[in-house]
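Quick notes on the structure that follows.
A note on names: the letters A, B, ... follow the listed sequences, proteins ahead of strands, and every chain is numbered from 1. These values consider heavy atoms only, across backbone and side chains, with no hydrogens, waters or symmetry-generated copies.
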Amino acid sequence: MRSLRPLLAAVCALAFWTPARAQEAPYFVTYDHHLEEPGNLEIATSTTMGVPRSGQRFFIAPYMEFEYGVMGRWTTEVYVEGQTTSGDSTIFTGWRWENRFRPLKREHWINPVLYLEYEGLNEGSRIQKEVVGNAPDFGEPNSELRQTRAHELETKLILGSNLHDWNISENFIVEKNLSANEGFEFGYALGVSRPLGRMASGSNCRVCRENFAAGLELYGGLGSTNGFGFHDTAHYLAPVISWQVGDNASLSFSPAIGLTHQSNPVLLRFGYSYEVRGVRQKLARLFGSKP
Amino acid sequence: MGASLGLGQNTSYTPDVRWQAPVGATARKNPLADKPEAAAGGKKLFLRNCTECHGIEGQGMVKKHAADLQLLVVQQESDGALFWKITNGNPDRGMPSFSRLPELQRWQLILFLRTLKPVNPPASAEAK
């Protein structure tokens, strides 16, 4: 335990240090229309835990996310992910590179964002960052799943609105597996959320309402061009809550309830994110050039 | 104030002429105008969200091309115009939208901005 103290101290220092950012929507799956601030890097780690039905196995699927604001209207993000299935093994399941573009300059009633992602995954992927197409088979062992590689392109139309203090976001998803003849797969994600405190207090409180946001997500698959609709698809209803634990850090939690027999009964999601400000300037200084 | 007029103050800031609040937005009144004590929360929000580009005293960072919020050209804007600018941002000039902040918090920010002492740009900056 003594050897862990420096590590714990470092984690606490990261969580409770330096200036902060605006409270973000607490979603795990749904995207809102807000992009990363230019020059900032957000490092996030999240875990999806699947509570199984009888005959299935419990899994933990962690992923790391590096989100960078390239420009005011362009954010790029890289993910790496893995999973552990109880009684089976731990495997690396692949990586993703996503980009979000905001075509309109100003805030409107509905704000569109265009999303394009490349995924280099294997069939063992369980993070369920999006749910598309038909429900996956949770019965196969990792040794087989990791053999099946998938190169996928995913697009989303993200629509986001801020009405008074509520955020309402809708995502419409189309995904194409370039490695298999599965047609185009479809999915959706809807989210609504609100900060719990409307005004900021003058004190530097941590456990006060203004540092919490709560909401609800609904997401699922809509089949594919081979069979569009709700048949054999997974859907989840997920309360979400986030807590800005430090000026640059936040914790999130969401217990997602499976709504169909093809869904996991429960998905538990945990997330921690940390924002590094002014990365572009820091790198420029490091390499001796003008930012 | 002397310190803020020193290194890094962006007194040469010139507003983006294309970044103008519409008339309807300009006329909006600050619902917290009769609650000056709420400026303390606005200061906290300012330190969290704005100082990286605008500086601790709102003097604006030259390298970030950020507005010097102490300048008359900024302080003469109406509350409604500032609210609109904070809400919408100006992404092509590096100013993000803060529409994710609750509305009252954006008004709190404006209460705090009004506590920054307005100054005219020095003659040397005007000459530029």
Does the side chain of Asn204(A) come within less than 4.5 Å of Lys44(B)'s, by heavy atoms?
yes

State whether the number of non-hydrogen atoms from other residues, nucleotides or ligands found under 6.0 Å of Lys35(B) atom NZ is greater than 12.
no

Could you give the distance from OG (Ser97(B)) to CG (Leu35(A)), rounded to the nearest 0.5 Å?
9.5 Å

Is Leu157(A) atom CG crowded by more than 12 heavy atoms from other residues, nucleotides or ligands, each under 6.0 Å away?
yes

Take atom NZ of Lys29(B) as the centre, draw a 6.0 Å sphere, and report whether it contains more than 12 heavy atoms from other residues, nucleotides or ligands.
no

Tell me, for Asn162(A) versus chain B, whether the close heavy atoms (under 4.5 Å) come from the side chain, the backbone, both or neither.
side chain

Working note: Glu103(B) + Met199(A), criterion side-chain contact (heavy atoms from CB on, under 4.5 Å); need CA distance, chi angles, decisive distance, verdict.
CA-CA 8 Å; Glu103(B) 281 191 17; Met199(A) 286 182 69; over 6 Å; no

Roughly how far apart are Arg277(A) CZ and Cys53(B) SG, rounded to 0.5 Å?
8.0 Å

From Arg100(B) CZ over to His34(A) NE2, what is the distance, rounded to the nearest 0.5 angstrom?
5.5 Å

Ignoring hydrogens and angles, tell me if any N or O in the side chain of Lys43(B) forms a donor-acceptor pair with the backbone of Gly202(A) under 3.5 Å.
no

Portion of His33(A) that has a non-hydrogen atom of chain B nearer than 4.5 angstrom:
side chain

Please check if atom CD1 in Ile110(A) has more than 12 non-hydrogen atoms from other residues, nucleotides or ligands closer than 6.0 Å.
no

Stepwise, does the side-chain contact (heavy atoms from CB on, under 4.5 Å) test hold for Leu101(B) with Arg198(A)?
CA-CA 9 Å; Leu101(B) 282 176; Arg198(A) 298 180 68 205; over 6 Å; no

Backbone of Pro96(B) reached by a side-chain donor or acceptor of Glu37(A) within 3.5 Å:
no

Most heavy-atom pairs under 4.5 Å with chain A, out of Leu32(B), Asp92(B), Leu45(B), belong to Asp92(B)

Polar side-chain atom of Arg102(A) near backbone of Pro91(B) as donor-acceptor pair, under 3.5 Å
no

Given that the side chain runs from C-beta out, which part of Gln105(B) has a heavy atom under 4.5 Å from chain A: side chain, backbone, both or neither?
both

Considering non-hydrogen atoms only, spot the tightest contact between His164(A) and Arg106(B) and give its length.
O-NH2, 4.5 Å

Identify which part of Asn40(A) has an atom lying under 4.5 Å from any heavy atom of chain B, answering side chain, backbone, both or neither.
side chain

Kindly indicate, with the supporting measurements, whether the criterion side-chain hydrogen bond (donor to acceptor under 3.5 Å, both in side chains) is fulfilled by Thr87(B) and Glu107(A).
CA-CA 7 Å; Thr87(B) 300; Glu107(A) 288 281 308; over 6 Å; no

Look at atom CH2 of Trp19(B) and say whether more than 12 heavy atoms of other residues, nucleotides or ligands are closer to it than 6.0 Å.
yes

Measure distances from Met71(A) to the heavy atoms of chain B and classify the residue's part below 4.5 Å as side chain, backbone, both or neither.
neither

Starting from the C-alpha separation in whole Å, work towards a yes-or-no answer on side-chain contact (heavy atoms from CB on, under 4.5 Å) for Trp84(B) and Arg106(A).
CA-CA 10 Å; Trp84(B) 184 87; Arg106(A) 305 276 177 253; 3.5 Å; yes

Shortest non-hydrogen contact between Gly197(A) and Pro102(B), atoms and distance
O-CG, 3.8 Å

